[in-house]
Amino acid sequence: LELKQETSGPNPQKEKGDGGVIAWRTLEYLYAEKSRDWFWAVGIVAAALGAASLILGNALFAGLILISTIAIFLHAIRKPAHIRCEAGKRGLMIEKTFYAWKDIEAFWISDGGEEVAPLLHLKTKKQFSLYLSLPLRREDKEKLRGFLGRHVAEERFNEPLSHRLAEALGL
């Protein structure tokens, strides 16, 4: 299966799955191209916060702001990789990470929109990846809902504030 190098938005693609498996390829995360002005704005805000923390005598916080700003810039210029997702009898495999059905509390599939792919939202019991969102093919939405419904409860839940804030900032 040949993949296009399109990174403007998720383009979930059907993959051949073995019996009882739904598999697809998608982008690792939603990517939004950042303008030069975006980098300037983030840099100015970070510099102001860093200067304020130094004036208030908190050099540790200023260092944390500097490291965080560098991490944000590095993430902003990185293009998302194509990942393979597979829902099977034992659980969900996302690239190289396996989530057993017992580790997933709930799922919810949002409709997206006309131009946006539907998203599979997962609430897991794992400490460092509590909420996950994966783009889906429209054709697989109902099939996956039925498949996941046999293993996990479907429950509409709100994404955490940190996810919504990152989306608003274009991260």
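- Surrounding CG of Leu74 are more than 12 heavy atoms belonging to other residues, nucleotides or ligands, all under 6.0 Å away.
- Closest of all the heavy-atom pairs between Leu54 and Ala59 is CD2-CA, 3.9 Å.
- Leu49 is not connected to Ile55 by any chain of hydrophobic side-chain contacts under 4.5 Å among Ile, Leu, Val, Met, Phe, Trp and Tyr, and they are in different clusters.
- Closest approach of His82 to Leu27, counting heavy atoms only: CE1-CD2, 3.6 Å.
- With a 4.5 Å cut-off on side-chain heavy atoms, Trp24 and Leu144 count as touching.
- Looking at Leu120 and Leu148, their side chains come closer than 4.5 Å, going by heavy atoms from C-beta outward.
- Atom OG1 in Thr26 sits 10.5 Å away from atom CD1 in Ile94 (nearest 0.5 Å).
- Neither Val45 nor Leu165 shares a network with the other; the hydrophobic side chains, linked directly or stepwise wherever heavy atoms of I, L, V, M, F, W or Y lie under 4.5 Å apart, form separate groups for each.
- The structure places CZ of Phe39 at 10.5 Å from CD1 of Ile72, a figure rounded to the nearest 0.5 Å.
- Listed by first and then second residue, the salt bridge (charged side-chain N to carboxylate O under 4.0 Å, His left out) pairs that reach into residues 147-156 are Lys123-Glu155, Arg145-Glu154, sequence neighbours excluded.
- Taken from CE in Met93 to CZ in Arg84, the straight-line distance is 9.0 Å, to the nearest 0.5 Å.
- Annotation: Phe147, atom CZ; neighbour count of heavy atoms from other residues, nucleotides and ligands within 6.0 Å is above 12.
- Taking the side chain to side chain donor-acceptor pair (under 3.5 Å) definition, one finds that Arg90 meets it with nothing, sequence neighbours left out.
- In this structure, the side chains of Glu33 and Lys79 come closer than 4.5 Å at one or more pairs of heavy atoms.
- Between Trp101 and Ile104, the closest side-chain pair of non-hydrogen atoms falls below 4.5 Å.
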